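Take a look at the structure set out below.
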2 protein chains.
Amino acid sequence: MQEVLRDAKSLLRRENYRCTAQREVILELLARHSRRHYTAEEIHQSLRDENPQLGLSTVYRTLVVLEDVGLIRRLDVGDGVSRYEFDADDAAPHCHLICIRCGDVRDIACPVPQEMQSLIEAESFQITDYSMSFFGMCSHCTRRVRDGKIGDPGEDIHLMQ
Amino acid sequence: MQEVLRDAKSLLRRENYRCTAQREVILELLARHSRRHYTAEEIHQSLRDENPQLGLSTVYRTLVVLEDVGLIRRLDVGDGVSRYEFDADDAAPHCHLICIRCGDVRDIACPVPQEMQSLIEAESFQITDYSMSFFGMCSHCTRRVRDGKIGDPGEDIHLMQ
DNA sequence: TTAGATGCAAAGGCTTTGCAATTCT
DNA sequence: AGAATTGCAAAGCCTTTGCATCTAA
């Protein structure tokens with residue numbers, strides 16, 4: 001963890017960005033909760049107590065920087081808000097299971113199949129990034145629906161803006 | 001094509017939506033250009049000449065309805081604007097190749113691999129939809145960069161909002 | 001020292017919504 | 001007739017930006 005942060009700092013400097021306190025705390029939060037998918041607002045809320053001076057616009061600007069150098073990745077679950085996840089160098093390729101009822105986003109290891117890569121390379125398309133998401137109901141919500149605890153589709157989160 | 005539209009109309013009625021002139025022209029446009037990925041604004045522009053009265057908010061509301069009944073699908077290329085594509089019943093599963101330089105979005109046949117589906121089902125996750133996108137440079141832009149016609153990365157479209 | 005980064009408030013841009021008028025069924 | 005739909009304008013919401021101030025290097 002400490003090493004991850006040290007590497008990140010040197011990467012930032014190498015890319016001609018400064019290592020500011022704000023960038024450090026934001027990156028540290030994302031790295032510490034590498035399975036979470038934070039919105040800018042959530043990051044701001046999470047850090048506000050310890051860093052009362054942190055501005056929301058700084059969070060937004062920092063996310064742009066961190067994504068630019070490849071330390072984090074942006075994810076869109078379809079609700080009109082960008083979410084971000086830490087992206088370690090050795091991060092395994094994964095896709096997202098997005099529950100349309102509770103909004104939970106879960107990673108699942110799943111490499112891009114060779115057959116798919118071949119198809120794309122055949123198009124002479126140079127891949128630099130990818131995103132694979134599956135929408136549906138997580139096991140938790142499926143169980144709750146089956147047990148009659150929730151049944152009204154109106155309870156679904158509003159995924160399509 | 002005519003049959004597609006007829007089926008669509010009966011589907012709308014079955015789902016308790018009315019078949020209005022606005023819904024018809026919008027659906028007809030999307031169905032006629034099934035390989036395109038229209039933004040609400042583009043749909044509005046495309047139809048304004050023939051239907052001067054069509055309002056942009058009606059386009060937005062119609063897109064919600066058409067997506068709700070499963071006639072179209074929403075796509076996010078990461079620029080903060082929603083795009084929509086016609087989704088026929090017999091549409092082959094496909095993913096999107098999104099060029100980060102020219103913004104072109106291209107479909108490519110590519111079914112969800114069985115191994116991936118198995119992994120997800122193992123999580124007891126009930127899939128209702130999915131989205132697979134690959135970002136990078138299309139063959140056209142790759143060629144232009146190689147030929148020195150474009151080289152400044154600043155020309156890239158701004159994909160991350 | 002000084003170019004880059006931050007905070008705040010204001011502006012932007014896409015999308016949604018209130019409401020009166022219109023139109024499918 | 002009556003409820004759904006439409007258009008317009010206004011509002012919402014997430015995100016970006018201008019600018020004076022601050023700060024890492």
Side-chain angles (χ1 to χ4, degrees), chain A residues 6 8-27 37-45 47-48 50-69 71-72 74-84 103 157-161, chain B residues 8-27 37-45 47-48 50-69 72 74-84 103 157-161:
Chain A
R6 227 173 313 120
K9 284 166 144 186
S10 66
L11 173 60
L12 274 178
R13 270 188 277 261
R14 205 177 323 135
E15 299 282 341
N16 281 105
Y17 285 116
R18 289 185 181 171
C19 287
T20 65
Q22 292 89 335
R23 287 172 182 172
E24 280 186 45
V25 292
I26 291 173
L27 186 62
H37 307 82
Y38 285 98
T39 65
E41 188 68 49
E42 286 168 350
I43 292 171
H44 189 227
Q45 301 279 328
L47 298 173
R48 216 166 187 18
E50 301 279 317
N51 313 73
Q53 85 299 346
L54 180 62
L56 180 56
S57 58
T58 297
V59 174
Y60 276 107
R61 281 190 275 229
T62 296
L63 290 172
V64 170
V65 170
L66 296 180
E67 192 187 17
D68 178 50
V69 301
L71 284 168
I72 63 175
R74 198 182 74 89
L75 166 69
D76 178 26
V77 306
D79 65 350
V81 189
S82 292
R83 276 152 225 277
Y84 294 85
I157 62 168
H158 192 53
L159 269 188
M160 300 307 155
Q161 35 182 303
Chain B
K9 284 165 142 186
S10 65
L11 173 59
L12 274 177
R13 270 188 277 261
R14 204 177 325 134
E15 299 282 342
N16 281 105
Y17 285 117
R18 289 182 180 175
C19 288
T20 65
Q22 292 90 333
R23 286 172 183 173
E24 280 186 44
V25 293
I26 291 172
L27 185 62
H37 307 82
Y38 285 98
T39 65
E41 188 67 50
E42 286 168 349
I43 292 172
H44 189 226
Q45 300 279 328
L47 299 173
R48 217 168 187 15
E50 302 278 318
N51 313 73
Q53 86 299 343
L54 181 63
L56 180 56
S57 58
T58 298
V59 174
Y60 275 107
R61 281 190 275 229
T62 297
L63 290 171
V64 170
V65 170
L66 296 180
E67 192 188 17
D68 178 50
V69 301
I72 62 175
R74 197 182 75 90
L75 167 69
D76 178 24
V77 306
D79 65 349
V81 188
S82 292
R83 277 152 226 277
Y84 294 86
I157 62 169
H158 192 55
L159 270 188
M160 299 308 154
Q161 34 182 310

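Everything quoted here is computed from the prediction, not taken from an experiment.
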[X] [atom1] to [N] [atom2]: how many Å, rounded?
| X | N | atom1 | atom2 | value |
| --- | --- | --- | --- | --- |
| H44(A) | dC14(D) | NE2 | P | 14 Å |
| I43(A) | dC14(D) | CD1 | P | 15 Å |
| L63(B) | dT15(C) | CG | P | 9 Å |
| Y84(A) | dC14(D) | OH | C1' | 11 Å |
| R13(B) | dC24(C) | CZ | C1' | 10 Å |
| N51(A) | dC22(D) | CG | P | 19 Å |
| Y60(A) | dG7(C) | OH | C1' | 15 Å |
| I26(A) | dG7(C) | CD1 | P | 9 Å |

Is there a side chain to side chain contact (heavy atoms under 4.5 Å, CB included) between I43(B) and L63(B)? Walk through the geometry before answering. CA-CA 10 Å; I43(B) 292 172; L63(B) 290 171; 3.9 Å; yes
Side chain to side chain contact (heavy atoms under 4.5 Å, CB included) evaluation trace for Y17(A) with D68(A): CA-CA 11 Å; Y17(A) 285 116; D68(A) 178 50; 2.7 Å; yes
Go through the steps for L11(A) and R14(A) under the test side chain to side chain contact (heavy atoms under 4.5 Å, CB included), then give the verdict. CA-CA 5 Å; L11(A) 173 60; R14(A) 205 177 323 135; 3.6 Å; yes
Listed pairs, N/O of protein and of nucleotides 4-10 of chain D, under 3.5 Å:
{"from": "dA4(D)", "atom 1": "O4'", "to": "R18(B)", "atom 2": "NH1", "distance (Å)": "3.4"}
{"from": "dA4(D)", "atom 1": "O4'", "to": "R18(B)", "atom 2": "NH2", "distance (Å)": "3.2"}
{"from": "dA4(D)", "atom 1": "N3", "to": "R18(B)", "atom 2": "NH1", "distance (Å)": "3.4"}
{"from": "dT5(D)", "atom 1": "OP1", "to": "R18(B)", "atom 2": "N", "distance (Å)": "3.2"}
{"from": "dT5(D)", "atom 1": "OP1", "to": "R23(B)", "atom 2": "NH1", "distance (Å)": "2.8"}
{"from": "dT5(D)", "atom 1": "OP1", "to": "R23(B)", "atom 2": "NH2", "distance (Å)": "3.3"}
{"from": "dT5(D)", "atom 1": "O5'", "to": "R23(B)", "atom 2": "NH2", "distance (Å)": "3.4"}
{"from": "dT6(D)", "atom 1": "OP1", "to": "T20(B)", "atom 2": "OG1", "distance (Å)": "2.8"}
{"from": "dT6(D)", "atom 1": "O3'", "to": "Q22(B)", "atom 2": "NE2", "distance (Å)": "2.9"}
{"from": "dG7(D)", "atom 1": "OP1", "to": "Q22(B)", "atom 2": "NE2", "distance (Å)": "2.9"}
{"from": "dG7(D)", "atom 1": "OP1", "to": "Q53(B)", "atom 2": "O", "distance (Å)": "3.2"}
{"from": "dG7(D)", "atom 1": "OP2", "to": "G55(B)", "atom 2": "N", "distance (Å)": "3.0"}
{"from": "dG7(D)", "atom 1": "OP2", "to": "T58(B)", "atom 2": "OG1", "distance (Å)": "2.3"}
{"from": "dG7(D)", "atom 1": "O5'", "to": "Q53(B)", "atom 2": "O", "distance (Å)": "2.8"}
{"from": "dG7(D)", "atom 1": "N7", "to": "R61(B)", "atom 2": "NH2", "distance (Å)": "2.8"}
{"from": "dG7(D)", "atom 1": "O6", "to": "R61(B)", "atom 2": "NH2", "distance (Å)": "3.1"}
{"from": "dC8(D)", "atom 1": "N4", "to": "S57(B)", "atom 2": "OG", "distance (Å)": "3.1"}
{"from": "dC8(D)", "atom 1": "N4", "to": "R61(B)", "atom 2": "NH2", "distance (Å)": "3.4"}

So T20(A) and T62(A), side chain to side chain contact (heavy atoms under 4.5 Å, CB included) or not? Walk me through it. CA-CA 10 Å; T20(A) 65; T62(A) 296; 5.9 Å; no
Please report the closest heavy-atom contact between R83(B) and T39(B), naming both atoms and the distance.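 Looks like NH1-CG2, 3.5 Å.
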Given 3.5 Å as the limit, does a donor-acceptor pair link the side chain of R23(B) with the main chain of R18(B), or not?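 Here the side-chain-to-backbone pair exists.
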